[in-house]
Amino acid sequence: MIQLRLGRRLEALRDHLHAFAADELRPRARAADLTGRVEPEVIARLGALAGERSEVLSEAAEPGEDGARADGMVAVVAAEELAWGDAAMILNIPGPGLAGPSIAGSGTPEQKERFLDRVFDGTAPRFGALAVTEAQAGSDVSNVQTTALLDGDGWVLSGTKVFCTNGARADVLVVNATLDVAAGRSGQKLFVVLKGTPGMRVGKIERKLGLTASETAELVFDGCRLPFDHLVGGEAALAAPSGFKGTMRAFDASRPGVAAMALGIGRAAFEYAAAWSATEIPAHSRRRPLVEARLGAVERELAAARVLCRRAAWMADHRIANSKEASMAKAYAPRVALAACVSAIEIMGPEGSSREHLVEKWFRDIKVYDIFEGTGQIQRVIIGRHILGRLE
Ligand SMILES: Cc1cc2nc3c(=O)[nH]c(=O)nc-3n(C[C@H](O)[C@H](O)[C@H](O)COP(=O)(O)OP(=O)(O)OC[C@H]3O[C@@H](n4cnc5c(N)ncnc54)[C@H](O)[C@@H]3O)c2cc1C
């Protein structure tokens with residue numbers, strides 16, 4: 001039976017990460033937003049927190065009574081708490097990032113060891129990234145035009161990827177490219193490109209509405225040569241139906257966590273507005289009942305989003321197909337978190353738009369969460385397909 005209660009170990013993890021978020025992230029959030037950078041010592045601390053050495057993280061994921069590891073639950077609990085601290089700074093956590101699920105889910109055992117260990121070699125903060133989006137292929141991943149041609153004993157990658165989180169500094173980059181543009185999604189495969197590979201260069205760095213402390217890059221591949229064994233899944237991947245499925249599997253694994261980050265931003269705005277209201281709106285004020293009703297509605301929606309995130313994560317941990325549930329969490333959480341930010345700004349009146357408070361920053365940050373990892377509209381399309389597919 002589905003278990004949404006956290007249990008002792010996950011509660012300890014949540015409390016540990018909450019203290020980190022409150023002490024290390026929240027106080028630095030405004031400076032990071034204004035400068036667009038996260039101090040190297042904070043990156044090092046984020047790395048130590050997420051790395052293998054963090055006993056709390058690995059302990060929390062150990063198999064429970066039903067024998068399943070709780071890695072997905074750990075991810076959603078951690079994402080909510082850390083994003084409550086600052087959602088932009090945590091996109092600077094060293095580690096495999098979005099390259100992780102692609103390599104872990106579709107790579108050969110040798111590739112998992114070689115490429116994932118490279119990100120965890122412990123010598124310096126290292127990053128992974130996933131480059132799928134192109135100017136004409138965001139929601140419609142089947143329209144990817146970046147090509148991978150077999151040439152002698154290796155591959156030649158050509159094309160341009162846009163809006164890649166941590167793309168400029170990625171040590172291990174997973175790129176979605178096609179062997180045959182005319183074949184649409186069935187021609188696509190995943191490739192690993194290591195930092196410094198000739199033929200790959202960083203284009204523009206985006207200046208964004210929100211999440212300004214997270215780097216988002218354009219990446220250009222111009223005759224970029226890769227060894228044959230950088231094809232994710234190895235030779236067997238050539239016979240497999242498509243790398244597109246690998247990309248989608250990776251999204252099923254990562255969407256609950258991304259949704260939980262959105263939830264963390266919404267909760268931050270909700271708690272801030274509630275605390276502000278408690279001190280700034282007198283108990284006898286005629287505004288008070290209206291604000292109470294509004295806060296009540298926001299809390300209810302955030303609680304529902306938390307259930308959706310945990311359900312999708314629990315299913316992943318129990319090896320139950322969770323594509324629809326991951327999309328439900330991703331469709332819902334950013335939307336209600338955006339509503340929480342709007343409510344916070346409106347409850348606080350003009351002060352809500354002031355840089356004296358973080359509420360206006362959360363409002364800018366949250367919008368992006370409704371865009372990346374598949375927009376809200378696309379999640380609703382996926383859910384609809386599952387519903388009708390079941391009836392066919
Ligand atoms: C800050 C940031 C970081 C990102 N990081 C990464 C990353 O690390 N790696 C990566 O590969 N990409 C990344 N992206 C790209 C992101 O995943 C895409 O922007 C997203 O998938 C949407 O694609 P698009 O921008 O091409 O929009 P489009 O696909 O052009 O969509 C435009 C609008 O049309 C709507 N729409 C499109 N098709 C449909 C449909 N069939 N039905 C209903 N509505 C539809 C969309 O919902 C959207 O509102 C990032 C984006 C941002 C903003």
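Count residues from 1 along the sequence. One-based numbering, in listed order, for ligands and for the atoms of each. Remember, it's a predicted structure, so these values are computed and weren't measured experimentally.
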Quick look: Thr133 vs ligand 1, heavy-atom contacts under 4.0 Å, and the answer is both
Counting heavy atoms under 4.0 Å, the part of Thr375 that contacts ligand 1 is side chain
N/O separation below 3.5 Å, [X] to ligand 1:
{"X": "Lys208", "value": "no"}
{"X": "Glu134", "value": "no"}
{"X": "Thr165", "value": "yes"}
{"X": "Leu98", "value": "no"}

Please indicate, with yes or no, if any protein heavy atom is found under 4.0 Å from [atom]?
{"atom": "atom 22 (C) of ligand 1", "value": "yes"}
{"atom": "atom 33 (C) of ligand 1", "value": "no"}
{"atom": "atom 29 (O) of ligand 1", "value": "yes"}
{"atom": "atom 25 (O) of ligand 1", "value": "no"}

Which residue holds the protein heavy atom closest to [atom], what is that atom called, and what is the gap in Å?
{"atom": "atom 9 (N) of ligand 1", "result": "Leu130 O, 2.8 Å"}
{"atom": "atom 44 (N) of ligand 1", "result": "Gln377 CB, 3.5 Å"}
{"atom": "atom 27 (O) of ligand 1", "result": "Ser139 OG, 4.0 Å"}
{"atom": "atom 19 (O) of ligand 1", "result": "Ile371 CG2, 3.7 Å"}
{"atom": "atom 45 (C) of ligand 1", "result": "Ile378 CD1, 4.1 Å"}
{"atom": "atom 2 (C) of ligand 1", "result": "Phe372 CD2, 3.6 Å"}
{"atom": "atom 42 (N) of ligand 1", "result": "Val381 CG2, 3.8 Å"}
{"atom": "atom 1 (C) of ligand 1", "result": "Val368 CG1, 3.2 Å"}

Near Glu373 (heavy-atom distance under 4.0 Å), the atoms of ligand 1 are 17 (O)
Numbered atoms of ligand 1 (with element) below 4.0 Å of Val132, judged on heavy atoms =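 Numbered from 1, ligand 1 contributes 10 (C), 11 (O).
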Note to self: For Phe372 and Tyr369, take the angle between the two ring planes, folded into 0 to 90°, and tell me which bin it lands in: parallel under 30, tilted 30 to 60, perpendicular over 60.
What the structure shows: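 Taking Tyr369 first and then Phe372, their aromatic rings stand perpendicular (interplane angle over 60°).
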- Query: Can any side-chain N or O of Asp365 pair as donor or acceptor with the backbone N or O of Leu211 at less than 3.5 Å?
  - Reply: yes
Check the side chains of [Y] and [X] for a donor-acceptor pair under 3.5 angstrom, ignoring hydrogens and angles.
{"X": "Arg185", "Y": "Asn176", "result": "no"}
{"X": "Glu206", "Y": "Thr216", "result": "no"}
{"X": "Thr146", "Y": "Glu134", "result": "yes"}
{"X": "Asn143", "Y": "Gln136", "result": "no"}
{"X": "Ser254", "Y": "Glu373", "result": "yes"}

Would you verify whether the NZ or CZ of Arg225 falls within 45 degrees of the ring axis of Trp155 while also being under 6.0 Å from that six-membered ring's centre? no
Hey, does [Y] have a side-chain heavy atom less than 4.5 Å from the side chain of [X]?
{"X": "Leu290", "Y": "Ile347", "value": "no"}
{"X": "Ile383", "Y": "Tyr332", "value": "no"}
{"X": "Cys224", "Y": "Val156", "value": "no"}

Exercise. Taking the minimum heavy-atom distance to atom 53 (C) of ligand 1, which of Phe251, Tyr369, Phe163 ranks first?
Worked result: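 Closest candidate by heavy-atom distance is Phe163.
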task = Take Leu49 and Glu24, measure what side chain to side chain contact (heavy atoms under 4.5 Å, CB included) needs, and give me the verdict at the end.
result = CA-CA 11 Å; Leu49 184 81; Glu24 305 284 348; over 6 Å; no
Leu211 near ligand 1 by a heavy-atom separation under 4.0 Å: no
Worksheet entry | Test salt bridge (charged side-chain N to carboxylate O under 4.0 Å, His left out) applied to Glu81 and Arg267, step by step | CA-CA 9 Å; Glu81 288 316 312; Arg267 196 182 104 212; 3.0 Å; yes
